[in-house]
**Q** 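Have a look at this one before I ask anything.
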There are 2 protein chains.
Amino acid sequence: MATLPKTEINPRRILDVTRALLVQQGLTQLSIRMIARAVGCSVGSIYFHFKNKDELIHALIEEGFDKLVALQDATEAAITDPRSRLSALCRNYYNFALSNPEYYEIMFTLKPERMARYPAEKYRKARRSVEVVSRAVEAYSRQQKTDIPHPYLVAHLIWCFMHGIVTLMQARRIDRSILPEAIIETSIQQILNLNLSTPPLPSGG
Amino acid sequence: MATLPKTEINPRRILDVTRALLVQQGLTQLSIRMIARAVGCSVGSIYFHFKNKDELIHALIEEGFDKLVALQDATEAAITDPRSRLSALCRNYYNFALSNPEYYEIMFTLKPERMARYPAEKYRKARRSVEVVSRAVEAYSRQQKTDIPHPYLVAHLIWCFMHGIVTLMQARRIDRSILPEAIIETSIQQILNLNLSTPPLPSGG
DNA sequence: GTAGAATTTGAACAGTGTTCAATAGAAAAA
DNA sequence: TTTTTCTATTGAACACTGTTCAAATTCTAC
């Protein structure tokens, strides 16, 4: 006979359940007992598979970065035209954030001093999503035959812009009279029309 | 004789103590018992002066908006040159956020669905800080003799940009090799060099 | 079957937001 | 002055939180 869908307790299932609860509850409201109830086990079992709540969240943070980086890497490989690529990278970021708000919250809005130490190597993986943009900026400047002295800085500016859009939208702070699509579309246009020749300040160190 | 510095229990003192604790602890770690200990009273006393934790935080949110709006209104009145004014408004926002991280967190990063209902009129006061920017954008476009079809939308874009810079900095996500001053200075330059003639999408509603 | 390891449990501890009857203090009325 | 009334404060209680841990259970290998 066919194997019944086992509901065994394992890290994978705990992560999936946690992610689902995170969407509804947010990190603050989320509790270990909630997760245990949803998984159908005791609190101790959660602590057997994960050292504590922080480590459980860190595992999800890593998953989120893996997905985002995979998405951006694929786009970098697929789109050769620099302008289209830069535009697509921005769109990807926006789409990723809006369709995975639970990932985005824990990936980008947590203040490190209030979480248990998140190993530095994982933040380095996160940085790859900025470096993809940095390379696109460089390629775009070559295409436009302009000189961008600090593409890595410009990549950070683009990141800040996108992050601001995403978080203010998710915090419901944008005036109802303004369409999300108007914001993201106009923003990407502005990014592509950056006054690239403006010499930024030295980026230090 | 001079009146001794009374340490009586009143809403003002509770708010001040809460704000100080917020800087160190953040909203999540902050507890009513903490506040009571710092004020030197029982938990019940806090609940006598404020209905609950949310209302206490809401009072601080309002204070924060009052300060920011006062700052921006003063700048609008003081600086007539549109370009300088727009630049100053951006700088103000950045400085306000970095020197009042506790205010900024509760004012702009909380998701409304996870807080008790924050009265709509108070959000309307918050909107004034965007409207000041919107007026500056309009004036700047007249100065530059360009046409900005949707200054309110552009004001939102500027807000998003600034918000992204501030929150990524406060979350310690910006690469150490990039100086904060390089980011904010380059950003303001880019804002002042906006390709103003680019027609944004309709802003809807 | 049995030894041993892997897994699960539920009680316990100190902390959280919140409520509330009891109390104290001050002001007003008698 | 005494009594009443209102304001302010207290601390115990409730259900919740993250976390630990000895005990109980289940699984694996021999």
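Predicted model, so just to flag it, every value in this text is computed and none were measured. Labels below follow one simple rule: chain letters A, B, ... track the order of the sequence lines, proteins then strands, and each chain is numbered from 1.
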**Q** Identify all pairs in which a protein N or O lies below 3.5 Å from an N or O of nucleotides 22-26 of chain C, and state each distance.
**A**
none

**Q** For the pair made of OH in A:Tyr47 and P in D:dT20, what is the distance, rounded to whole Å?
**A** 7 Å
**Q** Ion pair present between B:Glu63 and B:Arg12, side-chain N to carboxylate O less than 4.0 angstrom?
**A** yes
**Q** In chain order, what residues pass the side chain to side chain contact (heavy atoms under 4.5 Å, CB included) check against B:Ala74, with sequence neighbours excluded?
**A** none
**Q** A:Leu56 CG to D:dG18 C1': how many Å, rounded?
**A** 12 Å
**Q** Going through the distances and angles, do A:His163 and A:Tyr104 end up as a ring pair (Phe, Tyr, Trp, His ring centres under 6.0 Å)?
**A** CA-CA 10 Å; A:His163 177 75; A:Tyr104 198 86; 5.7 Å; yes
**Q** Report yes if a side-chain nitrogen or oxygen of B:His49 is closer than 4.0 Å to either non-bridging phosphate oxygen (OP1 or OP2) of D:dT7; otherwise report no.
**A** no
**Q** Using whole Å, report how far CZ of B:Phe50 lies from P of C:dG17.
**A** 15 Å
**Q** With sequence neighbours excluded, what pairs up with A:Asp66 under the salt bridge (charged side-chain N to carboxylate O under 4.0 Å, His left out) test?
**A** A:Lys125
**Q** Should A:Ser187 and A:Met162 be marked as a side-chain contact (heavy atoms from CB on, under 4.5 Å) after you check the CA-CA gap, both sets of side-chain angles, and the distance that decides it?
**A** CA-CA 8 Å; A:Ser187 297; A:Met162 290 293 115; 4.2 Å; yes
**Q** Treating primed atoms plus P, OP1 and OP2 as sugar-phosphate and everything else as base, which nucleotides of nucleotides 10-16 of chain C get B, S or - for protein heavy atoms under 4.0 Å?
**A** B-B---B
**Q** Report the residues that fulfil side-chain hydrogen bond (donor to acceptor under 3.5 Å, both in side chains) with B:Gln170, sequence neighbours left out, ordered by chain and then residue number.
**A** none
**Q** Among A:Glu76, A:Arg127, A:Arg85, find the one that has a side chain to side chain contact (heavy atoms under 4.5 Å, CB included) with A:Val132.
**A** A:Glu76
**Q** Run the numbers on A:Phe108 and A:Tyr93 for ring pair (Phe, Tyr, Trp, His ring centres under 6.0 Å), then give the verdict.
**A** CA-CA 12 Å; A:Phe108 292 113; A:Tyr93 191 90; 5.8 Å; yes
**Q** To the nearest Å, give me how far apart CZ (A:Phe48) and P (D:dA24) are.
**A** 19 Å
**Q** Separation of B:Ile14 atom CD1 from D:dT9 atom P, in whole Å?
**A** 8 Å
**Q** Starting at atom CD1 of A:Ile9, determine the distance to atom C1' of D:dT25, rounded to an integer number of angstrom.
**A** 12 Å
**Q** Measure the distance from CD on B:Glu55 to P on C:dG17 and round it to the nearest whole Å.
**A** 16 Å
**Q** Just the rounded figure in Å: distance from P of D:dA8 to CD1 of B:Ile46.
**A** 14 Å
**Q** Under the side-chain hydrogen bond (donor to acceptor under 3.5 Å, both in side chains) rule, collect the residues that match up with B:Gln29, sequence neighbours excluded.
**A** none
